[in-house]
There are 2 protein chains.
Amino acid sequence: MASARDRVLDSFVAIVCEEGERPATLDAVAARAGVSKGGLLYHFGSKAALVEGLCERLTDLSALDIERMRAAEDGPARYFVENCQFVGSELDLALLAASRLQQAGYEEAGRTLDDTENAWLATLVEALGDVPTAQAVKLLGDGLYHAASLGAASDVRPDRASVDMAALLQVVDRLIATKPAP
Amino acid sequence: MASARDRVLDSFVAIVCEEGERPATLDAVAARAGVSKGGLLYHFGSKAALVEGLCERLTDLSALDIERMRAAEDGPARYFVENCQFVGSELDLALLAASRLQQAGYEEAGRTLDDTENAWLATLVEALGDVPTAQAVKLLGDGLYHAASLGAASDVRPDRASVDMAALLQVVDRLIATKPAP
DNA sequence: GTCTATAAGCTGATAGAC
DNA sequence: GTCTATCAGCTTATAGAC
């Protein structure tokens with residue numbers, strides 16, 4: 001079984017992703033992690049400390065993802081777009097939670113998100129060689145991520161249009177094929 | 001001077017956009033609108049009623065925008081992408097506020113957002129004739145909107161990469177030019 | 001390291017005067 | 001239509017026992 005500290009952070013992330021920032025009270029997080037509020041506050045002295053813990057986790061996970069992206073067989077652009085689908089990975093959850101917390105006013109979450117987004121963009125620019133094309137690919141991914149963040153919170157809406165990933169990747173290929181010579 | 005009811009709704013939207021959902025307390029909204037909490041509660045009987053008011057406003061504003069999009073000189077796709085930049089318009093504010101409230105757990109805001117997003121996508125599909133291309137354009141816009149929602153809350157970050165709109169519109173043109181024949 | 005008990009502050013909402 | 005006064009509930013955080 002994971003350490004109590006890890007379980008607390010997992011629970012915090014899970015509740016923020018499933019229900020939002022406001023329901024992620026110290027009481028609720030502690031209960032889900034199977035500790036008392038006092039026990040939680042031993043590991044994270046305040047709610048801001050929980051956010052800080054999430055930011056550290058996000059930084060680690062995104063650095064790992066950048067490495068995988070660089071080494072991806074089909075190239076970083078395809079890897080990036082494909083992985084902007086929400087599948088519930090640790091990185092997905094950390095990103096969604098950070099986004100929610102940023103929107104709830106926690107500035108550190110916003111800074112960490114900015115850093116990770118800049119790293120992704122830089123990797124795309126490096127791989128594609130053309131800045132506008134790289135920015136467009138980044139925006140496509142952000143768009144997917146935006147849709148995920150709308151969906152992951154509430155119940156799934158059957159009438160919400162879902163994206164055909166295979167077709168989208170072909171659009172990405174068109175974008176790369178028509179990019180101006182450097 | 002606008003009616004008290006409008007001033008209350010304006011204040012609610014403004015605080016949600018500038019500081020987030022949690023700081024948008026009945027007290028804070030009333031103070032900004034220049035009425036007492038009791039005065040506010042006469043017009044909107046609960047916080048959920050404020051959200052409802054915003055949703056109605058968003059529905060009206062987005063219907064107006066769809067009309068403008070259909071009639072746009074450079075075509076709906078260019079109009080759409082250009083207008084996904086956050087410039088602080090009433091529609092921008094309503095969209096950002098709805099997104100924040102959706103992420104804070106207000107389901108009606110999520111439903112209204114879904115409706116407006118579906119309407120934009122349908123208009124793009126109708127104008128471009130190719131679904132994957134239309135979805136890609138929609139995602140580009142969502143990506144821009146995502147960047148705006150990260151920026152509009154906290155202070156402006158000078159190191160955050162900004163998008164070159166002229167270059168992005170050229171990418172959109174490439175996308176449209178290479179779309180498969182119907 | 002983890003618990004219980006408690007303090008102190010804030011928030012949404014009601015009741016009733018004007 | 002708008003105000004003041006007030007309450008009940010929740011949330012963060014502290015203090016101190018085990």
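To find a chain, count down the sequence lines: A is the first, B the second, and so on, and within it residues start at 1.
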- Message: For B:S89, give me all partners under side chain to side chain donor-acceptor pair (under 3.5 Å), at least two apart in sequence or on another chain.
- Response: B:D92
- Query: Who passes ring pair (Phe, Tyr, Trp, His ring centres under 6.0 Å) against B:Y145, sequence neighbours left out?
  - Reply: A:H146
- Message: Just the rounded figure in Å: distance from P of C:dT2 to CZ of A:R5.
- Response: 12 Å
- Task: Keeping to residues at least two apart or across chains, list the side-chain hydrogen bond (donor to acceptor under 3.5 Å, both in side chains) pairs with something in residues 43-56 of chain B.
- Result: B:E21-B:K47
- Message: With salt bridge (Lys or Arg N to Asp or Glu O under 4.0 Å) as the rule and sequence neighbours excluded, what pairs involving residues 125-151 of chain A come up?
- Response: A:R70-A:E126, A:E117-A:K138, A:K138-A:D142
- Task: Sugar-phosphate atoms are those with a prime plus P, OP1 and OP2; base atoms are the rest. Using that split, label each nucleotide of nucleotides 4-18 of chain C B, S or - for protein heavy atoms under 4.0 Å, 5' to 3'.
- Result: B------SBBB----
- Take atom OH of A:Y42 and atom P of C:dC3, then tell me their distance rounded to the nearest Å. 13 Å
- Residues which pass side chain to side chain donor-acceptor pair (under 3.5 Å) with A:R32, listed by chain and number, not counting sequence neighbours: A:E18
